[in-house]
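Computed from heavy atoms alone, side chains included, the values below leave out hydrogens, waters and symmetry copies. Proteins get letters first, then strands, A, B, ... in listed order; numbering begins at 1 in each.
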There are 2 protein chains.
Amino acid sequence: MGIIRKTQSVEVLLAEFKSTTEAVSAIALIKRLDSKLNKTTVYRVLDKLEDDGVLHSFLDKNGIKWYAKCNACTCSKHFDAHPHFQCLSCGKVDCVVIDVHIPNIPNREVVVSQVLIQGKCEDCFV
Amino acid sequence: MGIIRKTQSVEVLLAEFKSTTEAVSAIALIKRLDSKLNKTTVYRVLDKLEDDGVLHSFLDKNGIKWYAKCNACTCSKHFDAHPHFQCLSCGKVDCVVIDVHIPNIPNREVVVSQVLIQGKCEDCFV
DNA sequence: TTTGGTATTGCAACTCAGTTGTAGTAAATT
DNA sequence: AATTTACTACAACTGAGTTGCAATACCAAA
Ligand SMILES: [Zn+2]
Ligand SMILES: [Zn+2]
Ligand SMILES: [Zn+2]
Ligand SMILES: [Zn+2]
């Protein structure tokens with residue numbers, strides 16, 4: 001179940017995503033908002049925002065959870081099964097709006113796929 | 001640094017991969033070998049076998065570590081940057097030897113990519 | 001605007017995969 | 001057989017994420 005009440009915590013977290021399209025790790029948010037919100041609250045609100053189709057989440061190379069804004073998602077369905085790009089130099093992660101084609105595999109049904117690309121981002125690219 | 005001495009622990013772990021091409025999670029190995037090997041030993045030997053190009057590892061949807069046999073890898077370089085397939089019904093994971101093409105991204109250098117495909121495996125496919 | 005129901009929050013305690021330090025053990029080499 | 005040192009077991013730790021619960025704050029009805 002998603003967000004029901006527009007609380008301070010919700011506003012604070014939404015504000016973190018308002019000005020950027022970059023992804024942010026749950027851990028980074030917890031540290032950054034330490035004086036304002038409790039760790040548990042951050043996890044719970046992020047979870048609800050994902051339910052509502054406002055944010056989407058994924059795991060990075062180290063199994064750490066990241067969140068980014070959704071584009072055209074609803075509470076019933078996420079439409080942003082796009083790849084994510086993690087910079088090996090600065091660690092920044094963001095959504096990449098390219099289409100990676102997953103070929104059919106004999107005798108298997110492909111339902112969903114996750115692609116994590118690693119390399120150098122715009123800022124770190126010489 | 002990889003394996004230097006051919007110990008009992010190494011033999012036990014190699015035996016687990018000898019008869020199958022399926023991937024096995026570190027946790028599953030730890031449980032399965034609980035009477036023979038210590039948890040720490042399992043992690044350390046797996047790590048070394050990966051260094052030696054005997055096994056390769058990856059994280060599943062839940063950030064859990066899995067290992068599978070390598071094909072043509074050496075201690076200096078892993079050549080098996082292939083996708084992995086996790087069955088949503090039975091949980092089984094294995095290597096998929098298909099080539100998923102990652103297109104170039106403007107102003108970014110793609111170094112490596114990880115693809116995790118989810119769906120129904122051969123056994124669970126109706 | 002008060003009141004009351006309940007969604008939400010903070011806190012502490014927990015879970016659990018994976019790591020680290022270390023003293024003892026067992027391969028390999030002589 | 002003695003020596004060297006890679007390896008192992010154990011216990012204790014780490015750190016991201018979860019859970020239970022009492023206190024709080026949002027919202028709507030009165
Ligand atoms: Zn960068
Ligand atoms: Zn994204
Ligand atoms: Zn299956
Ligand atoms: Zn593989």
Side-chain angles (χ1 to χ4, degrees), chain A residues 1-17 23-68 75 84 86 91 93 114 116, chain B residues 1-17 23-68 75 84 86 91 93 114 116:
Chain A
M1 205 178 56
I3 299 280
I4 292 179
R5 294 180 182 175
K6 191 128 198 193
T7 62
Q8 288 258 295
S9 311
V10 173
E11 309 244 22
V12 166
L13 273 166
L14 282 177
E16 292 297 319
F17 290 93
V24 192
S25 71
I27 296 169
L29 287 169
I30 288 163
K31 283 199 186 116
R32 190 187 300 168
L33 303 173
D34 185 43
S35 59
K36 294 184 190 166
L37 298 180
N38 180 268
K39 178 176 72 163
T40 311
T41 305
V42 173
Y43 279 118
R44 288 202 268 231
V45 171
L46 288 173
D47 195 48
K48 288 179 179 179
L49 287 172
E50 185 168 23
D51 278 355
D52 284 343
V54 176
L55 302 177
H56 63 281
S57 74
F58 54 94
L59 303 187
D60 74 1
K61 167 75 176 167
N62 306 306
I64 294 295
K65 203 162 195 181
W66 291 68
Y67 284 87
C75 39
H84 291 97
Q86 184 160 35
V93 177
Q114 295 146 68
L116 180 67
Chain B
M1 207 178 56
I3 299 281
I4 293 179
R5 295 181 182 175
K6 191 127 198 195
T7 62
Q8 288 258 295
S9 311
V10 172
E11 308 245 23
V12 167
L13 273 166
L14 281 178
E16 292 295 319
F17 289 92
V24 192
S25 70
I27 296 169
L29 287 169
I30 288 163
K31 284 199 186 114
R32 191 188 299 168
L33 302 173
D34 184 43
S35 60
K36 295 185 189 166
L37 299 180
N38 179 269
K39 178 176 71 163
T40 311
T41 305
V42 174
Y43 280 118
R44 288 204 263 231
V45 171
L46 289 173
D47 195 48
K48 287 179 179 178
L49 287 171
E50 185 169 22
D51 278 355
D52 284 342
V54 176
L55 301 177
H56 63 281
S57 74
F58 55 94
L59 303 185
D60 74 0
K61 165 75 175 169
N62 307 305
I64 293 296
K65 203 161 195 181
W66 291 68
Y67 284 86
C75 40
H84 291 97
Q86 184 160 35
V93 176
Q114 295 148 69
L116 180 67

Residue closer to the 5' end of DNA chain C, B:Lys6 versus B:Ile30 (nearest nucleotide): B:Ile30
Which atom of A:Leu59 lies closest to which atom of B:Lys61, heavy atoms considered: CD1-O, 3.1 Å
Minimal non-hydrogen separation, B:Leu33 against B:Val12, with atom names: CD2-CG1, 3.8 Å
Identified side-chain contact (heavy atoms from CB on, under 4.5 Å) counterpart of B:Val10 within the set B:Asp52, B:Val45, B:Val54: B:Val45
Sugar-phosphate only, base, or nothing, as touched by A:Ile64 at under 4.0 Å among non-hydrogen atoms: sugar-phosphate
Sugar-phosphate, base or nothing in reach of B:Thr40, heavy atoms under 4.0 Å: base
Separation of D:dT8 P from B:Leu33 CG (nearest whole Å): 13 Å
Proximal nucleotide (of C:dT19, D:dG17, D:dT8) relative to the B:Ser9 side chain: D:dT8
Distance in angstrom units between B:Asp60 CG and C:dA17 P, rounded: 11 Å
N/O donor-acceptor pair, side chain B:Arg44 with base C:dG18, under 3.5 angstrom: no
B:Gln8 atom CD, over 12 foreign heavy atoms within 6.0 Å: no
Sugar-phosphate, base or nothing in reach of B:Lys31, heavy atoms under 4.0 Å: nothing
Rounded interatomic separation in angstrom, taking CD from A:Glu11 and C1' from D:dA25: 14 Å
Nearest-angstrom distance from the residue atom CH2 of B:Trp66 to P of C:dA17: 13 Å
Sugar-phosphate only, base, or nothing, as touched by A:Lys65 at under 4.0 Å among non-hydrogen atoms: sugar-phosphate
Sole residue of A:Leu46, A:Asn38, A:Val42 in side-chain contact (heavy atoms from CB on, under 4.5 Å) with A:Ile30: A:Val42
Distance in angstrom units between B:Lys48 NZ and D:dT5 C1', rounded: 11 Å
Nucleotide of D:dA16, C:dG18, D:dC27 approaching B:Ile27 most closely (side-chain heavy atoms): C:dG18
Whole-Å gap separating P (C:dT9) and NZ (A:Lys36): 15 Å
Among C:dA28, C:dA7, C:dG10, the nucleotide that comes nearest once only the side chain of B:Arg5 is considered: C:dA28
Whichever of B:Lys39 and B:Thr7 has its nearest DNA chain D nucleotide further upstream toward 5': B:Thr7
Touch class at under 4.0 angstrom, heavy-atom based, for B:Ile3 against every strand present: sugar-phosphate
Value in whole Å for how far the C1' atom of C:dG18 lies from NZ of A:Lys61: 15 Å
Between D:dA23 (C1') and A:Asn38 (CG): distance, integer Å: 13 Å
DNA chain C: 5'-proximal contact among B:Gln8 and B:Leu59 (nearest heavy atom): B:Leu59
